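Since the structure comes first, as structure tokens, the remarks are kept for the end.
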Amino acid sequence: MADELELLRRANPVPVDGPHYGDGPLDHDGERRLNRLLHERPTGRRRTRLVWSLAATAVVAATALTLLLGGPSTTPAVAAPRPLVVQADSTPVPLQELADRAQRQATAEDALQLRKGTHVQSWSMGMSDDKPPVTLPEERVVRWKADASHTEIVVATDPRHPGRPVLRDDGGDPHLVEDGHVISRQTYPPSWSDAPPESPPPNDPARLRAYLREATYTRTRLTTPELLDAVAVLLDHWTLGARESATLARLLAGTEGLRPVGQVTDRLGRRGQAYEYEGAGYRRMLIMQPSTGAVLGLETVFTKPEHEYGVKAGDVESYSAWMR
């Protein structure tokens, strides 16, 4: 287990101290409704966007409470992150300006190239209507080979607390595991699909919008929340190069309701420009690298309490941090 975690940490350029298939992504309200349905009729390990079934969540919550209130002396890394905070004295950078910067970076001789596969650290809240919510941290690396086959490794780890135990839901049996515990390791045979998101993203904003719509099975024009979900789907399949990041930044620059708010330091210690979208009861924050326009992270925070799930305003519902 330690060997796999070390490989992941080497792949991560940030020091420790410093997907959607099926019918495609739902909007925020849709995910909550699906979550409620799953909790009313438990179905084992079936879940969407890492939302647990009632049976698993109840056991996890009970396990977490036992560990926190009367368990071992070592405090487990339950990993409920706080919302990212925008630096008070920072100057917001308009998305159009960021897109211009990214376009200039894309023409550089040493510009980064598009690569299929992903390296992502994620936190996602599991909720139930009769137990406190708990948060699941994991790291996933997907690498494609020349023969079109690919490997995926997923480990339980929280980089904010290296070496500490991590609460996991493995096979419907929630329990504490070692930092770096391998959740799954799989090799997939060659895939020759040319449908989005398996096909390379285009380098034109209008074509990219159509690509993202197809990748998320959306027949109508993408709303801003749907577009942000589609970006997550894209980054869970591809590590964008400079040209692709510039194209995405240009597309986002024309997105309604996505406003610049200033500089933040993300959960991997990277500085980025933040752009927020306010929805009904939630806030989405997109974090982008200031010079290249690369998407670093995406956070969803509750702005209103969800009393039936024990969720408070300010709780982080989900967060993803993508790495190269």
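In this text, all values refer to a predicted model and were calculated from it rather than measured experimentally.
The main-chain N or O of Val142 is never found under 3.5 Å from a side-chain atom of Lys116 such that the two would form a donor-acceptor pair. At least one donor-acceptor pair under 3.5 Å links the side chain of Ser90 to the backbone N or O of Gln263. Using modelled atom types, no side-chain atom of Trp144 and backbone atom of Arg115 make a donor-acceptor pair closer than 3.5 Å. No side-chain donor-acceptor contact under 3.5 Å links Glu178 to the backbone of Gly180. Counting only distance, with no hydrogens or angles, the side chain of Arg270 and the backbone of Leu296 share a donor-acceptor pair below 3.5 Å. In this structure a side-chain-to-backbone donor-acceptor pair under 3.5 Å is missing from Ser245 to Ala242. Judged purely by atom type and a 3.5 angstrom limit, Thr218 has no side-chain atom pairing as donor or acceptor with the backbone of Thr220. Remark: the backbone N or O of Gly254 is not paired with any side-chain donor or acceptor of Glu256 at under 3.5 angstrom.
Thr157 places none of its side-chain heavy atoms less than 4.5 Å from the side chain of Glu138. A 4.5 Å side-chain heavy-atom check between Ser122 and Ser320 finds at least one atom pair inside the cut-off. A heavy-atom distance below 4.5 Å is not found between the side chains of Val155 and Ile183. Annotation: side chain of Trp322 is in contact with side chain of Val295 (closest heavy-atom distance under 4.5 Å). Taking the side chain as every heavy atom from C-beta outward, Leu258 and Leu252 approach each other to under 4.5 Å. Looking at Pro201 and Leu240, their side chains come closer than 4.5 Å, going by heavy atoms from C-beta outward. Residues Glu139 and Val154 are not in side-chain contact: their nearest non-hydrogen atoms beyond the backbone lie 4.5 Å or more apart. Looking at Leu208 and Leu212, their side chains come closer than 4.5 Å, going by heavy atoms from C-beta outward.
Atom-to-atom distance recorded for Tyr275:OH and Thr255:OG1 is 12.0 Å, nearest 0.5 angstrom. Here the OG1-CG distance, from Thr292 to Leu112, works out to 7.5 Å after rounding to the nearest 0.5 Å. Going from atom NZ of Lys312 over to atom OG1 of Thr303 covers 14.5 Å, rounded to the nearest 0.5 Å. Separating the CG atom in Asp229 from the OG1 atom in Thr224 is a distance of 11.0 Å, to the nearest 0.5 Å. Within the model, atoms OG1 of Thr239 and CG of Leu114 stand 8.0 Å from one another, a figure rounded to the nearest 0.5 Å. Once rounded to the nearest 0.5 Å, the distance linking CD of Glu152 with OG1 of Thr118 reads 10.0 Å.
For Gln121, there are no side chain to side chain donor-acceptor pair (under 3.5 Å) partners at least two apart in sequence or on another chain. Tyr319 pairs by the ring pair (Phe, Tyr, Trp, His ring centres under 6.0 Å) definition with Trp123, not counting sequence neighbours. Shown here are the side chain to side chain contact (heavy atoms under 4.5 Å, CB included) partners of Pro305, two or more places apart in sequence or in another chain: His307, Ala313.
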Show, in sequence, the C-alpha distance, side-chain angles and deciding distance for Arg284 and Glu278, and conclude whether the side chain to side chain contact (heavy atoms under 4.5 Å, CB included) test is met.
CA-CA 7 Å; Arg284 309 289 296 274; Glu278 292 282 346; over 6 Å; no
Take Val85 and Val264, measure what side chain to side chain contact (heavy atoms under 4.5 Å, CB included) needs, and give me the verdict at the end.
CA-CA 6 Å; Val85 178; Val264 299; over 6 Å; no
Residue pair Thr151, Arg185: steps toward the side chain to side chain contact (heavy atoms under 4.5 Å, CB included) verdict:
CA-CA 7 Å; Thr151 60; Arg185 185 209 312 269; over 6 Å; no
Could you walk me through whether Leu222 and Thr216 satisfy the side chain to side chain contact (heavy atoms under 4.5 Å, CB included) test, starting with their C-alpha distance in whole Å, then the side-chain angles of each, then the deciding distance to 0.1 Å, before giving a yes or no?
CA-CA 10 Å; Leu222 293 168; Thr216 53; 4.0 Å; yes
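Minimum heavy-atom separation, Gly257 to Tyr277: O-CD1, 3.5 Å. Closest approach of Pro94 to Pro92, counting heavy atoms only: CD-O, 3.7 Å. In terms of heavy atoms, Ser199 sits closest to Tyr211 at O-OH, 2.5 Å. Considering all non-hydrogen atoms of both residues, Pro205 and Leu251 come closest at O-CD1, 4.0 Å.
The existence of a salt bridge linking Arg267 and Glu299 is confirmed by a sub-4.0 Å separation between a basic side-chain nitrogen and an acidic carboxylate oxygen. Comment: Asp158 engages Arg160 in a salt bridge, judged by a side-chain N to carboxylate O separation of less than 4.0 angstrom. Ion pair Arg271/Asp266 not flagged as a salt bridge, since none of the NZ, NE, NH1 or NH2 atoms sits closer than 4.0 Å to an Asp/Glu carboxylate oxygen.
Every pair tested for salt bridge (Lys or Arg N to Asp or Glu O under 4.0 Å) that includes a residue from residues 207-216 fails, sequence neighbours excluded, so the list is empty. Sorted by first and then second residue, the pairs that involve residues 186-208 and meet ring-ring contact (aromatic ring centres under 6.0 Å, His included), not counting sequence neighbours, are His150-Tyr188. Residue pairs satisfying the salt bridge (Lys or Arg N to Asp or Glu O under 4.0 Å) criterion with at least one member in residues 237-253, sequence neighbours excluded, are listed as follows: Asp100-Arg250.
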